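This chain uses plain numbering: 1 for the first residue, then up along the sequence. Hydrogens, waters and symmetry mates are skipped; everything else that's a heavy atom, side chains included, is used. Everything numeric here is computed off the predicted structure, so don't read it as measured data.
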Amino acid sequence: MTPTTPPFTTALAAPTAALVLDGGLSHQLEAQGHDLSDDLWSARLLAEDPEAVVAAHLAYYRAGADVVTTAGYQATFEGFARRGVGREGAARLLALSVELAREAARRARADGVARPLWVAASAGPYGAMLADGSEYRGRYGLSAAALEAFHRPRLEVFAAAGPDVLALETVPDADEARALLRAVRGLGVPAWLSYTVADGRTRAGRPLEEAFGLAADAEEVVAVGVNCCAPEETERAVALAARVTGKPVVAYPNSGEAWDAGARAWRGRPTFSPGLAEAWRRAGARLIGGCCRVGPAAITDVATRLRP
């Protein structure tokens, strides 16, 4: 954070706040020519090509994003261990994900981007580590204590690396949200909690009112909402999250295409329209962007619509 950049929570609390998030990091990395078909997804490039990660973040800052989300989504101690990376090495890579986003912010400012820029450390759900589409189902057969034990160590590393906010994202179920809310306590970094949803419920089938309600009294959580869902799901979920929690809402859906985990491919047609961002803002969203398959051009359009 530079002296001219207010704390993330201060900016979010402004009455007219509408901070623009980035789009899909993997989408931009693939556009840059990288194959992300292995189990580590974008996290593989933390070790193999960190400069590519900086370039992808920079593309979104240049496109108009106020906040970029790190390559930490699928970066876990367990996932790196399967590649022969020990715990100390994995911790360095987790911290590096935040450092690379900071470097992109520095380069954006050097390029003349004058607005405040923030970094969100992405922490994906347990299912992301499994790399089999489980984040769209939840219900892993683990206890809340086991899920908390999985999340807490890497959240500690992310927090120590100094992001502006922790993005607890693509959470498929209220059970995992409870574990995350316990895991994030006392870290000294604000967090947003974002569910992936379908048909007006969490991916595991829980009512959204119950799921959002978990964050209402969690002081570490400064925003709650949805991501990695169909654009058509977003407005209703945003309004519900705002009503249930009274907190700012985060909204960054996918392009509208559906992920086929078996084929490791996207199916269907895109339905994301930057014009929808205005409706999400009216419904209570204060952090607005895109997730999978939403690229810099769409983020530029979102930024144009949301800024005075």
Would you find a donor on one side and an acceptor on the other, under 3.5 Å apart, between the side chain of [X] and the backbone of [Y]?
| X | Y | result |
| --- | --- | --- |
| Thr245 | Ala241 | yes |
| Tyr126 | Glu135 | no |
| Ser255 | Phe272 | no |
| Gln74 | Ala128 | yes |
| Asp132 | Ser134 | yes |
| Thr70 | Ser122 | yes |
| Trp118 | Pro163 | no |
| Lys247 | Ala242 | no |

Please walk me through it: do Asp35 and Arg44 pass salt bridge (Lys or Arg N to Asp or Glu O under 4.0 Å)? CA-CA 10 Å; Asp35 179 4; Arg44 175 174 58 81; 5.5 Å; no

Given Arg182 and Glu176, is the salt bridge (Lys or Arg N to Asp or Glu O under 4.0 Å) satisfied, shown in steps? CA-CA 10 Å; Arg182 287 195 294 269; Glu176 187 162 18; over 6 Å; no

Got [X] and [Y] here, is their nearest side-chain heavy-atom distance under 4.5 Å?
| X | Y | answer |
| --- | --- | --- |
| Leu187 | Glu220 | no |
| Phe77 | Leu94 | yes |
| Val184 | Leu166 | yes |
| Pro153 | Arg87 | yes |
| Cys228 | Tyr73 | no |

To the nearest 0.5 Å, how far apart are [atom1] in [X] and [atom2] in [Y]?
| X | Y | atom1 | atom2 | result |
| --- | --- | --- | --- | --- |
| Ser273 | Glu232 | OG | CD | 10.5 Å |
| Asp164 | Thr9 | CG | OG1 | 9.5 Å |
| Leu181 | Glu148 | CG | CD | 10.0 Å |
| Leu25 | Ser42 | CG | OG | 5.0 Å |
| Arg115 | Leu19 | CZ | CG | 11.0 Å |
| Tyr252 | Ser194 | OH | OG | 4.0 Å |

Path from [X] to [Y] over hydrophobic side-chain contacts below 4.5 Å:
| X | Y | answer |
| --- | --- | --- |
| Leu130 | Phe80 | no |
| Leu214 | Leu147 | no |
| Val113 | Val302 | yes |
| Phe158 | Val221 | yes |
| Val85 | Leu96 | yes |

Output the rest of the hydrophobic cluster of Val238: all Ile, Leu, Val, Met, Phe, Trp and Tyr residues reachable through side-chain heavy-atom contacts under 4.5 Å, sorted by chain and number.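 Its cluster mates, by chain and number, are Val249.
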
Go through Arg82 and Glu78 one step at a time and tell me if the salt bridge (Lys or Arg N to Asp or Glu O under 4.0 Å) criterion holds. CA-CA 7 Å; Arg82 291 197 295 265; Glu78 294 80 357; over 6 Å; no

Regarding Arg102 and Glu99, does a basic nitrogen lie under 4.0 Å from an acidic carboxylate oxygen?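 Salt bridge flag = no for Glu99 with Arg102.
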
Salt bridge present between Asp173 and Arg203 (N-O < 4.0 angstrom):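 No salt bridge links Asp173 with Arg203.
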
Looking at every heavy atom in both [X] and [Y], which two are closest together, and how far apart are they?
| X | Y | answer |
| --- | --- | --- |
| Val20 | Ala303 | CG2-CA, 3.8 Å |
| Thr234 | Ala251 | CG2-CB, 3.8 Å |
| Asn227 | Thr170 | OD1-N, 2.8 Å |
| Glu233 | Cys229 | CB-SG, 4.4 Å |
| Ala52 | Gln32 | O-NE2, 3.2 Å |
| Gly23 | Tyr60 | N-CE2, 3.3 Å |

Please find out if less than 6.0 Å separates the ring center of Phe212 from that of Tyr195.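 Between Tyr195 and Phe212, which both carry aromatic rings, the centre distance is below 6.0 Å.
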
Can you list every pair that meets side-chain hydrogen bond (donor to acceptor under 3.5 Å, both in side chains) and has a residue in residues 295-308, with sequence neighbours left out?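 Qualifying pairs: Asp66-Arg307, Glu278-Arg305, Asp301-Arg305.
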
Going through the checks in order, is the side-chain contact (heavy atoms from CB on, under 4.5 Å) test met by Arg206 and Arg139? CA-CA 11 Å; Arg206 290 283 182 83; Arg139 304 293 173 84; 3.1 Å; yes

If you look only at distance, which donor and acceptor atoms sit under 3.5 Å apart when one is on a side chain in residues 284-298 and the other is two or more places apart or in another chain?
| from | atom 1 | to | atom 2 | distance (Å) |
| --- | --- | --- | --- | --- |
| Arg286 | NH1 | Arg281 | O | 3.2 |
| Arg293 | NE | Glu257 | OE1 | 3.3 |
| Arg293 | NH2 | Glu257 | OE2 | 3.1 |

Worked verdict on Asp111 versus Tyr61 for side-chain contact (heavy atoms from CB on, under 4.5 Å): CA-CA 10 Å; Asp111 287 348; Tyr61 278 137; over 6 Å; no

Given side-chain contact (heavy atoms from CB on, under 4.5 Å), test Glu235 with Leu276 step by step and report yes or no. CA-CA 8 Å; Glu235 184 177 354; Leu276 295 171; 6.0 Å; no

Look at the rings of Trp192 and Phe8 and say which category their plane angle falls in: under 30° parallel, 30 to 60° tilted, over 60° perpendicular.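 Tilted.
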
Check against salt bridge (Lys or Arg N to Asp or Glu O under 4.0 Å), Arg185 and Glu156: CA-CA 10 Å; Arg185 287 175 186 163; Glu156 290 175 341; over 6 Å; no

Could you walk me through whether Leu155 and Leu168 pass side-chain contact (heavy atoms from CB on, under 4.5 Å), step by step? CA-CA 9 Å; Leu155 289 176; Leu168 312 178; 3.8 Å; yes

Partner of Leu100 under side-chain contact (heavy atoms from CB on, under 4.5 Å), chosen from Leu45, Val54, Leu58, Val68: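 Among the candidates, only Val54 passes.
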
Please check if any side-chain donor atom of Thr69 sits under 3.5 Å from a side-chain acceptor atom of Glu169, or the reverse.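 Result is no, nothing qualifies.
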
Would you indicate whether Glu51, at its atom CD, is surrounded by more than 12 heavy atoms from other residues, nucleotides or ligands within a distance under 6.0 Å?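 More than 12 heavy atoms, drawn from other residues, nucleotides or ligands, come within 6.0 Å of this atom.
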
